[in-house]
Structure formats: structure tokens, C-alpha cells
Amino acid sequence: MTKNIMKNEKDLLEEMKIRLNSVSSSMCLAKWLQVSLHLTNGKTHSCYHPPAHSIDLNEISKNPSALHNTSQKIKERAMMLKGERPQGCSYCWKIEDSKNPYSDRHYRSAEPWAREKFSDVLEKKLEKDVIPSYIEVNFNQSCQFKCSYCSPHLSTTWADEIKEYGPYPTLTPHNDIAVLKEMELWPIPINQSNPYRTAFWKWWPDIYPQLKVFRMTGGEPLIDLNTYRVLNYIKSHPNSNLELAITTNLCPPKKMMNRFQKELKTILKEKKIFRFMLFPSIDTWTKQAEYIRFGLNIHEFEKNVLLLLKEIPEILISFIITVNALSPFSLKKLLEKILEWQKIANTLGTWHRRIFFDLPYLRSPAWQAIDVLPQDLTLSYFFDCLNFMNQNKYNKNLSYGFSDFQINKMTRLIDVTKNSKLSCEQKKINCINFYRFFSEHDKRRKTDFTETFPELHDFWTNCKKLSQNHQDL
Ligand code: SF4
């Protein structure tokens, strides 16, 4: 079965590669059909690899489709039609130049939301009214969490802390609002009118019928009224092709949780959309998870997972586990929980499998990435997780367990840990920043790093020494 799936996937990819090459060697359907919109600060990009660029306010006042069809993207589309490589897509060019047969350009173009629209794209070519079939949107930066690796431009709670205490005293001050403003990342304040959001809602009735995937991120979408505006719209405008998705911290105030559950339940029960996927973020388990994602209550989180599984049999849940330097020690406990939830979910739901997860790893800020830790220590925890996953492989008859894809992701984490190429100097800088950030974190947020992470006692002492020595220079 798995072999067949892989063969079909490969066939699809190869077929798409030939079709793309028949246009040009740099053609990519995502440049036309996929968009990430940051309505908070007026930025856009096609897929999320190229750096986001600014949306032209003058253009969207005349035509809201310029939220996606910016002059920059149209130039890049023209380059792709001629076989030239837009610089912003270097993520794909690097992979292709390293002789890898397929980059994201092929993977994304082969996905159903893109490949079904190939001929439409060729018809439109450089027209300015292309309607994307895959949209990811950040409406609002309101969030009641301030996760350690997040930033004040993405969370109002983080912004409040920085306004009160200033940036963190790392070697280069961290999360400095002045710097975020210089980088044009600072969002329009929530209480002010936002022309990007206005343009989006003007555009929405035109794009909605053609949407295949619509994903809301934030901020925290479950506390954002724009999310409920979307849910209400869906109720009166069913779209049987639509996959709706929401990224969430899954700990909203009870009132909002009830509202979300009630509205989603109606939508799915009445089959208003094709399917719904919830993406709760959780990076490990125990009080260590609560330390990383400040604002999280794991009991509340678990209660909400179980409530949604029980009350909405059609819901699919995929956890986003962003593995960072504080994740390894309780990661196995989270995997145990996921297995437990899978067993419960399969007795309650309408889909054969309802619980999934992904294991991306954190790259920024560098001092919170896994390679700041002593390699042997990290690897011992990761191997423990891998063994646990291998002992509990997906079992088709029981329909729970860890898939080959998930086990490969764990193996990739081990490879990334083994292959870290940080210089001694960079490691030292990361250790100093690690100590300075989390010791300040403890002071501001009344947390206790050494009590929460006893596994890091020696590492912490070493980081502290490096930081003090650096100060004495
Ligand atoms: S070429 Fe790669 S980076 Fe550029 S839009 Fe396509 S998938 Fe994204």
C-alpha cells in the first residue's frame, strides 16, 4: 500500500516536472495560485519561501486583487515564463542545483489545488486578476500567549511586555520594537482601520468560490472576530471543494472556545465544506511546554483536544511540534499523549485517521534552536523518541500509531542534530544569548528555568559562566 502511494506520488511529480518544463525550466504554479497574506502589516508572498514584500496601497484601493497580484509577482511570473529565476525563490534553486530532482516548485505545482488550474494559469499568463486557490492569511496580531521564540509583531502580549521592559539584553538586543519598525514588520494597531483588511473583505466574494485551501493563522485566530466572519460566511455559502484550516494555541477563553466549537460543528454536520483541519501548536509536554509557550495550560489544552474530538466527529487535528532547544526532554511524553488521543479519536470519529502531527525544527532565534545544546544530550532524548515511535508503528487494523512519514521526520531531526556545522565561536555566542534571554525571562515572567529544566543544569551553569566571562572582557 505504502509503496503504491509513493509510486503514485512520484509519477505525479514526474508528470508535473515534464509539464512545467514544457513551459520553462523555472516555471512554478505557486507564483500564480498560492499566497500568504500578512494583513497586519501589508505584506505578501507566493508560498512562504520568498521574502514577503509590501502590498501597494494605491493599487489595492483600485483593485483588491493587488493583495496577491503585486507588480513584483507579475515581474517574477514573466521571468518564470521565460525560464529566468526570480531571486526570492532561491530556496528552490538551491535544491535543484544540488542535483535533487524535485524542489518545492514541483511538489507544490503537483498538489491538487495547483495542478487542476494549470491551463487557467497558462491562459492568464501576465494578467493582473489571477485568483489564488490556496490562501493563508494573518488577519490580526492579537494573542494571549508570548511563546519564547515568537515576536512582538505577531503577538500583542509580547508587544505589551516589550513596551514595559524594553528588548531582551542578548548580545544584540532581542525583539526590539524600533528594529521591527525599521524592517517594516510592525503591524497597524488593532484599534486603527486597516486598508489591507478592508481590501481583503472586498475581494473575498470573488475569490471564495474558487478557493481550495483557506488557512487562518495569527495572532490567535480563535479569539479573532475575522475568523467568525469567515465561519458565518461559509454557513450561508457552502463550498464543497474547500479545505478550511486554522492554526491555534488551543487555549482561548472558554466563551470563545464554545463559540468556535458550536459554529464549526454546524458547518461540518451540514457538510458546508469538504473538510476541516485544526493545527494546534505544542512543542513538548509537561510544565516544560508551558514554559516555552507562555500562557499555555496543558490541562486546558488537553481538555479542548478531547472536547473537539468528541463533539465534532468530522474534525481532523494535526499538531505542529516546533522542536526547539527546550523540547527534547518531554517530547516522548507528548508522543505518548498523541498515541493516547489517536486511540480515543478512532473510536469517535468519521475519518479512518483523525490525529496527525508534524515535526518542523526551529531555526530562529539561533540560541533557541536545538544545536545550542550539547549534541549527545539532545541525541539521547531523540533516540528514545525514535525507539518509542518504532515500537508503536501505524497499525492499519487498529488505525493508530506512527506513520513512516512521521518516523522519517524524527530521523531527520536526529540527522540535523548530528550534522550541525556551527563554529565554536557561534556556539559560544548562542550559549551567552541563551543564558541572557532565559535569565531575563525568569525575572520578567516569574518563571524558574533551573527548576523547570533540571536536565539542563550543567549546560545552564556553563552558559552562565560564558556570559559572565564575556561581561568581564
Ligand atoms: S519556485 Fe519555490 S520558492 Fe518560488 S514560489 Fe515556487 S515553490 Fe515557492
Side-chain angles (χ1 to χ4, degrees), residues 9-39 42-56 65-138 207 210-215 217 243 245 247 279 320 358 360-361 363-364 409 412:
E9 253 180 22
K10 202 161 177 248
D11 285 350
L12 273 175
L13 267 175
E14 194 49 38
E15 196 185 294
M16 181 48 68
K17 191 173 177 179
I18 294 167
R19 283 181 82 186
L20 291 171
N21 279 348
S22 74
V23 180
S24 92
S25 59
S26 61
M27 179 67 183
C28 172
L29 297 181
K31 193 59 81 190
W32 279 258
L33 299 172
Q34 184 176 21
V35 60
S36 289
L37 286 171
H38 306 274
L39 300 176
K43 302 269 181 191
T44 181
H45 37 169
S46 322
C47 93
Y48 52 80
H49 295 311
H53 61 275
S54 297
I55 295 163
D56 188 314
S65 123
L67 285 167
H68 169 49
N69 298 295
T70 58
S71 312
Q72 178 166 332
K73 277 192 212 172
I74 289 168
K75 260 188 230 145
E76 290 174 349
R77 290 173 190 164
M79 290 175 78
M80 285 182 164
L81 290 170
K82 286 191 275 180
E84 293 166 13
R85 291 176 157 189
Q87 206 189 357
C89 296
S90 59
Y91 181 89
C92 284
W93 315 138
K94 266 189 213 145
I95 294 172
E96 290 176 35
D97 291 344
S98 70
K99 304 278 179 281
N100 199 311
Y102 307 112
S103 67
D104 269 19
R105 184 167 75 84
H106 306 106
Y107 281 104
R108 279 162 205 267
S109 300
E111 284 183 35
W113 52 265
R115 69 168 185 264
E116 287 162 13
K117 300 260 178 170
F118 203 120
S119 46
D120 291 2
V121 164
L122 291 186
E123 236 170 69
K124 289 275 178 195
K125 285 199 170 133
L126 300 179
E127 285 177 28
K128 286 188 170 182
D129 58 349
V130 174
I131 292 184
S133 41
Y134 188 123
I135 298 187
E136 185 171 305
V137 64
N138 170 5
I207 55 176
Q210 297 198 42
L211 274 179
K212 287 280 161 70
V213 183
F214 185 67
R215 180 164 173 171
T217 65
E243 175 171 335
T247 307
F279 289 94
I320 307 175
D358 194 10
Y361 56 92
R363 277 172 254 217
S364 172
K409 283 277 174 106
R412 186 186 74 161

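Every number for a ligand or one of its atoms is a count from 1 in the order of the listing.
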Give the single entry among Ser103, Ser46, Ser109, Gly88 that approaches atom 5 (S) of ligand 1 most closely by any heavy atom. Ser46
How far is [atom] from its nearest protein heavy atom, and which residue and atom name does that atom have?
atom: atom 6 (Fe) of ligand 1; value: Cys28 SG, 2.4 Å
atom: atom 2 (Fe) of ligand 1; value: Cys92 SG, 2.3 Å
atom: atom 4 (Fe) of ligand 1; value: Cys89 SG, 2.4 Å

Taking the side chain as everything from C-beta on, heavy atoms only, tell me whether Val35 gets closer than 4.5 Å to Lys73. yes
With heavy atoms of [X] as the reference, note each atom of ligand 1 found under 4.0 Å away.
X: Arg108; result: 7 (S)
X: Asp104; result: 7 (S)
X: His49; result: 3 (S)

Atom CG of Asn138 and atom OG1 of Thr217: how far apart are they, to the nearest 0.5 Å? 4.5 Å
Is the distance between atom 8 (Fe) of ligand 1 and the nearest N/O/S atom of Cys47 smaller than 2.8 Å? yes
Students often mix this up, so state it plainly: with edges at 30° and 60°, are the rings of Tyr91 and His49 parallel, tilted or perpendicular? parallel
Determine whether a donor-acceptor pair (N or O, by modelled atom type, separation under 3.5 Å) exists between the side chain of Asn69 and the backbone of Lys128. yes
Any donor-acceptor N/O pair, Arg77 side chain to Lys125 backbone, under 3.5 Å: no
Salt bridge or not for Glu96 and Arg105, using N-O below 4.0 Å? yes
